[in-house]
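Every chain is numbered from 1, with letters handed out A, B, ... down the list of sequences.
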Amino acid sequence: MNLISNIQTGIHQALQSAFGIDIDASSIKLERTLQDFKGDFTWVVFPYVKQARKSPEQTALEIGEYLLLHQFISEFNVVKGFLNIVLNESSLLDYFYSARHDASHFKTDFGKGKKVVVEYSSPNTNKPLHLGHIRNNLLGYSISEILKANDYEVVKANLINDRGIHICKSMLAWQQSGLNETPQSTGIKGDHLVGKYYVAFDRSYKSEISLLVGEGRSQEEAEKQAPSILLAQAMLRKWEANDVDTLKLWETMNGWVYEGFKLSYQRLGVDFDRYYYESNTYLLGKKTVQEGLDKHVFYQKDDGSVWIDLTSEGLDHKLLLRSDGTSVYITQDIGTAQLKFDEFQYDISLYVVGNEQDYHFKVLQGILKKMEKPYAHGIVHVSYGMVDLPSGKMKSREGTVVDADDLMDEMHAEARKIILERGKTEGMTQEQVEILCEVVGMAALKYYLLRVDPQKRLLFNPADSIDFEGNTGPYIQYTNARINSVILKSGETDDSRGYTRLVPAEKELILALHSYPSILIKAGEMHNPSEIANYVYDLAKRYNRFYYECPIAKDGIVKEAKCFRVALSKFTGETITECLRLLGIEAPGKM
RNA sequence: GGUCUCAUAGCUCAACUGGAUAGAGCACUGGUUUUCUAAACCAGGGGUUACAGGUUCGAUCCCUGUUGGGACUACCA
């Protein structure tokens with residue numbers, strides 16, 4: 001049962017009987033009434049006044065009277081063209097008691113029968129993860145969970161960028177150092193160790209460039225002729241020629257990075273069903289190039305390079321194969337799209353990738369459409385904004401990054417400070433306290449990153465630490481812990497339903513709970529976890545107001561009120577816990 | 001140069017996709033606990049939604065232009 005569809009039905013009937021207007025009931029838009037007006041839902045009549053041939057006020061009035069007469073609502077008022085509706089209390093309570101025991105309340109069938117591959121994370125293996133990667137990982141994970149709750153069949157995929165000039169740079173610097181450092185010998189986490197050499201490479205590369213520029217070369221020349229880069233390119237050629245020693249070093253160093261990533265992923269709480277390695281996929285797509293040439297979708301220049309003309313799509317000409325016959329990035333992506341489709345027959349293939357690649361994905365989809373691939377329309381780029389620092393964009397090579405592992409450590413330490421201050425850890429072991437610090441610290445971080453619209457870029461200021469009060473992850477966790485505590489103290493309760501005459505705070509809470517399924521669908525449709533984050537904050541806020549105003553399990557409270565309020569608390573707690581789960585955040589029972 | 005994108009309170013973000021008087025948090029000022037977890041609750045100040053036009057019953061949202069940020073525009077990945 002759904003409160004909104006009931007009113008939609010009523011308005012639908014009213015429009016028909018009073019004005020002979022016949023529109024789809026589900027297209028009737030209802031909004032929550034603004035705070036300063038009396039009512040629960042508001043219907044805007046302006047769009048219908050032309051057809052009704054009456055003034056907005058008169059139209060709203062007649063619809064309202066119809067709804068009242070046929071007992072869809074308990075009262076209404078009209079302000080200009082806005083029809084404000086007050087619900088029957090009994091229908092609110094009916095809704096509450098049925099939803100609370102409805103096993104499918106936290107699910108929708110929006111994606112039933114559809115398969116979706118969510119590709120996210122997709123790191124390079126030459127450096128550790130930073131804050132930007134955290135945003136990517138959390139978004140990808142959360143979107144996957146939201147889609148699952150909408151009954152999609154989800155495959156989480158990670159395409160690891162394990163080859164190319166970047167990893168050769170780290171390998172070269174490591175080799176040249178002659179130190180034979182390993183994660184074991186240094187105690188440095190593998191991805192950080194490799195990243196250290198990547199930075200070392202860049203430092204010497206830069207100094208070589210400035211030396212050459214000092215000798216009178218142009219910047220561009222110097223960048224191409226610096227000895228380091230020439231050696232790195234030579235190493236890449238050896239790698240591509242399957243040189244044994246190069247491959248061995250490559251495997252060793254990538255192995256260190258994977259060990260490091262594994263720990264970071266675990267701590268972030270993200271996981272994958274399928275890994276793809278670029279070293280296996282970088283030759284894919286060449287077959288497709290031939291197919292495109294045969295179909296005359298692509299064309300070949302005199303030098304042998306292969307191109308596609310996408311000017312009809314508002315894009316440019318794009319290279320698909322170099323004149324030496326090697327493939328480029330887009331060629332690989334064409335190949336992996338096909339590979340994934342062969343493997344999973346997906347309906348939708350999501351790519352959680354930063355917005356700097358907007359153009360790339362337009363091109364990819366444009367190519368696949370021209371090739372008439374059946375999966376072309378299922379390609380969706382979930383584009384998210386960069387995480388910026390006050391100083392500008394993060395750059396790994398220049399060391400202006402917020403390291404993922406460091407940041408998680410800081411969040412843990414910050415949480416510990418606050419938890420010890422609050423002094424609520426009585427009866428907990430040292431180990432339990434540490435777990436709590438981790439869970440709360442990670443909640444602050446995750447919520448901070450997920451509450452903003454993915455499409456917007458996000459500013460992170462390392463100088464002021466992430467909050468634990470107000471609109472934050474810990475606030476929401478706290479609300480749940482509070483609920484948990486009051487339920488424990490309440491003793492036996494039942495659904496006797498003797499309680500009537502809801503106070504505003506209770507009514508607001510039921511209405512907030514009622515909107516959960518529509519939020520879940522919206523978050524899934526828009527691939528947007530911030531919908532869930534903002535919703536659960538609003539829900540927690542309403543609960544805290546209710547908690548402050550209404551005694552729940554205090555001494556002397558009448559049984560009927562207690563039963564209802566405990567039930568309301570339970571349902572709210574379950575909803576909060578589920579929302580947090582969708583965001584990858586744990587909900588501790590006590591904090 | 002071309003294409004895309006963003007601009008909302010001192011700061012970080014909302015605004016149900018065109019609806020009423022633009023809302024939260026942080027910060028600031030003041031209040032709430034002999035009673036269920038004060039990481040809470042309540043109140044107050046703070047806005048010409050970058051600027052100028054247009055579209056209509058109605059614009060933060062759509063269109064045009066201006067200004068200012070960012071990204072992309074490699075035979076790199």
Side-chain angles (χ1 to χ4, degrees), chain A residues 29-37 42 44 46-47 49-50 56 79-82 84 124 161 163-166 278 282 301 303-307 314-316 319-324 326-330 332-333 354-360 362 383 385-386 388 392-393 418-419 421-422 424 440 444 448 451-453 455-461 464 466-472 474-479 481-490 515 518-519 522 526 530-531 534-535 537-538 540-541 543-557 565-566 569 590-591:
Chain A
K29 269 170 55 183
L30 289 167
E31 295 156 32
R32 282 305 313 278
T33 302
L34 294 187
Q35 294 215 324
D36 298 340
F37 298 88
T42 295
V44 184
F46 286 114
V49 295
K50 255 185 197 160
V79 182
K80 292 187 278 183
F82 299 91
N84 297 324
N124 289 347
N161 194 351
R163 66 164 281 280
I165 193 77
H166 53 83
E278 203 190 291
Y282 84 109
K301 285 191 179 173
D303 62 5
S305 57
V306 176
W307 299 73
L315 304 166
D316 284 322
L319 176 94
L320 294 163
L321 215 57
R322 297 192 189 99
S323 48
D324 64 6
T326 56
S327 57
V328 293
Y329 184 35
I330 192 88
Q332 279 176 53
D333 261 355
N355 63 12
E356 55 197 355
Q357 309 250 10
D358 284 356
Y359 183 76
H360 173 80
K362 274 186 199 164
S383 169
M386 299 287 103
D388 287 329
K393 199 182 168 182
I418 290 167
I419 285 167
E421 259 171 34
R422 304 263 189 268
K424 293 180 188 171
V440 172
Y448 178 85
R451 68 177 251 253
V452 325
D453 185 336
Q455 290 183 317
K456 297 202 169 177
R457 47 184 220 140
L458 191 150
L459 187 79
F460 176 78
N461 190 350
D464 29 81
I466 295 173
D467 288 325
F468 287 73
E469 287 172 14
N471 189 355
T472 66
Y475 169 88
I476 296 160
Q477 288 178 316
Y478 171 77
T479 309
R482 213 178 202 195
I483 290 171
N484 212 40
S485 168
V486 78
I487 289 170
L488 283 175
K489 293 206 170 138
S490 68
S515 59
S518 66
I519 297 289
K522 196 174 158 200
M526 305 182 81
S530 78
E531 293 288 343
N534 288 315
Y535 167 78
Y537 171 67
D538 180 70
K541 200 172 159 56
Y543 183 83
N544 280 319
R545 188 175 295 146
F546 157 75
Y547 180 92
Y548 189 82
E549 287 175 7
C550 304
I552 300 165
K554 288 184 183 175
D555 293 341
I557 184 158
R565 286 174 181 166
V566 168
S569 298
K590 196 181 161 198
M591 66 183 276

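Rounded to whole Å, the separation between the C1' atoms of U56(B) and C63(B) comes to 13 Å. Taking the C1' atoms as reference points, U64(B) lies 24 Å from A71(B), given to the whole Å. Nucleotides A22(B) and A77(B), compared at atom C1', are 44 Å apart to the nearest Å. Comparing the P positions of C41(B) and G54(B) gives an interatomic distance of 45 Å, to the nearest angstrom.
With sequence neighbours excluded, the residues satisfying side chain to side chain contact (heavy atoms under 4.5 Å, CB included) with Phe460(A) are Leu131(A), Val387(A), Leu389(A), Val402(A), Leu407(A), Tyr448(A), Pro462(A), Ile466(A). Listed by chain and number, the residues in a ring pair (Phe, Tyr, Trp, His ring centres under 6.0 Å) with Tyr537(A) are Tyr475(A) (sequence neighbours excluded). Here Tyr543(A) pairs with Phe546(A) under the ring pair (Phe, Tyr, Trp, His ring centres under 6.0 Å) rule; sequence neighbours left out. Every residue was checked against the side chain to side chain donor-acceptor pair (under 3.5 Å) condition with Asp36(A), not counting sequence neighbours, and none meets it. The side chain to side chain contact (heavy atoms under 4.5 Å, CB included) search around Ser518(A) returns Ser515(A), not counting sequence neighbours. Taking Arg322(A) as the reference, Leu319(A), Asp324(A), Thr326(A), Val328(A) meet the side chain to side chain contact (heavy atoms under 4.5 Å, CB included) condition, with sequence neighbours excluded. Scanning for side chain to side chain donor-acceptor pair (under 3.5 Å) contacts around Lys522(A) gives Glu531(A), with sequence neighbours left out.
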Checklist entry - When you look at Val44(A) and Glu31(A), which way does the side-chain contact (heavy atoms from CB on, under 4.5 Å) test go after all the steps? => result CA-CA 9 Å; Val44(A) 184; Glu31(A) 295 156 32; 4.2 Å; yes

Item to check | From CA spacing to verdict: salt bridge (Lys or Arg N to Asp or Glu O under 4.0 Å), Arg565(A), Glu549(A) | outcome: CA-CA 12 Å; Arg565(A) 286 174 181 166; Glu549(A) 287 175 7; over 6 Å; no

Next on the checklist: Working note: Leu321(A) + Ser327(A), criterion side-chain contact (heavy atoms from CB on, under 4.5 Å); need CA distance, chi angles, decisive distance, verdict.
Outcome noted: CA-CA 5 Å; Leu321(A) 215 57; Ser327(A) 57; 4.1 Å; yes

Next on the checklist: Test side-chain hydrogen bond (donor to acceptor under 3.5 Å, both in side chains) on Asn355(A) and Arg457(A); report intermediate values, then the result.
Outcome noted: CA-CA 9 Å; Asn355(A) 63 12; Arg457(A) 47 184 220 140; over 6 Å; no

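Two residues are said to be in side-chain contact when any heavy atoms from C-beta on lie closer than 4.5 Å; Tyr478(A) and Val440(A) fail this criterion.
At distances below 3.5 Å, not a single donor-acceptor pair connects side-chain atoms of Asp538(A) with backbone N or O atoms of Asn534(A).
Nucleic acid contact class of Val49(A) (heavy atoms, under 4.0 Å, all strands): none. Within 4.0 Å (heavy atoms only), Thr42(A) reaches at least one base atom of the nucleic acid. Counting any heavy atom pair closer than 4.0 Å across all strands shown, Leu488(A) reaches no nucleic acid atom.
One finds no side-chain N or O of Lys362(A) lying less than 4.0 angstrom from the OP1 or OP2 phosphate oxygen of U3(B).
Atom CG in Asp36(A) sits roughly 15 Å away from atom C1' in A15(B) (whole-Å rounding). Taking atom CD1 of residue Ile476(A) and atom P of nucleotide A24(B), one finds them 16 Å apart after rounding to whole Å.
In this structure, Val452(A) and Asn84(A) both approach RNA chain B, and ranking their closest nucleotides by distance from the 5' end singles out Val452(A).
Side-chain contact of Asp467(A) with Thr472(A): a donor-acceptor pair under 3.5 Å is absent, judged by distance alone.
Here the nucleotide nearest the side chain of Glu31(A), chosen from A40(B), C13(B), G19(B), is G19(B). Nearest to the side-chain atoms of Phe468(A) among the listed nucleotides A39(B), C41(B), A20(B) stands A39(B).
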Checklist outcome for this item: B/S/- along nucleotides 70-77 of chain B (protein heavy atoms under 4.0 Å) is -SS--BSB

Checklist entry - How does protein contact run along nucleotides 33-38 of chain B, one letter per nucleotide 5' to 3', with B for base contact, S for sugar-phosphate only, - for none, heavy atoms under 4.0 Å? => result --BBBS

Give every pair of a protein N or O atom and an N or O atom of nucleotides 56-60 of chain B that lie under 3.5 Å apart, one pair per line with the distance.
none

Find every protein N or O atom lying less than 3.5 Å from an N or O atom of nucleotides 25-30 of chain B, and list the pairs.
unit_1	atom_1	unit_2	atom_2	d
G25(B)	OP1	Lys541(A)	NZ	3.3
G25(B)	O2'	Asn471(A)	N	3.2

Checklist entry - Dot-bracket for RNA chain B, 5' to 3', with Watson-Crick and G-U pairs under 3.5 Å, [ ] for crossing pairs and | for other-strand pairs: what is it? => result (((((((..((((.....[...)))).(((((.......))))).....(((((..]....))))))))))))....

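With a 6.0 Å radius and a threshold of 12 heavy atoms from other residues, nucleotides or ligands, Gln357(A) has its CD atom above the threshold.
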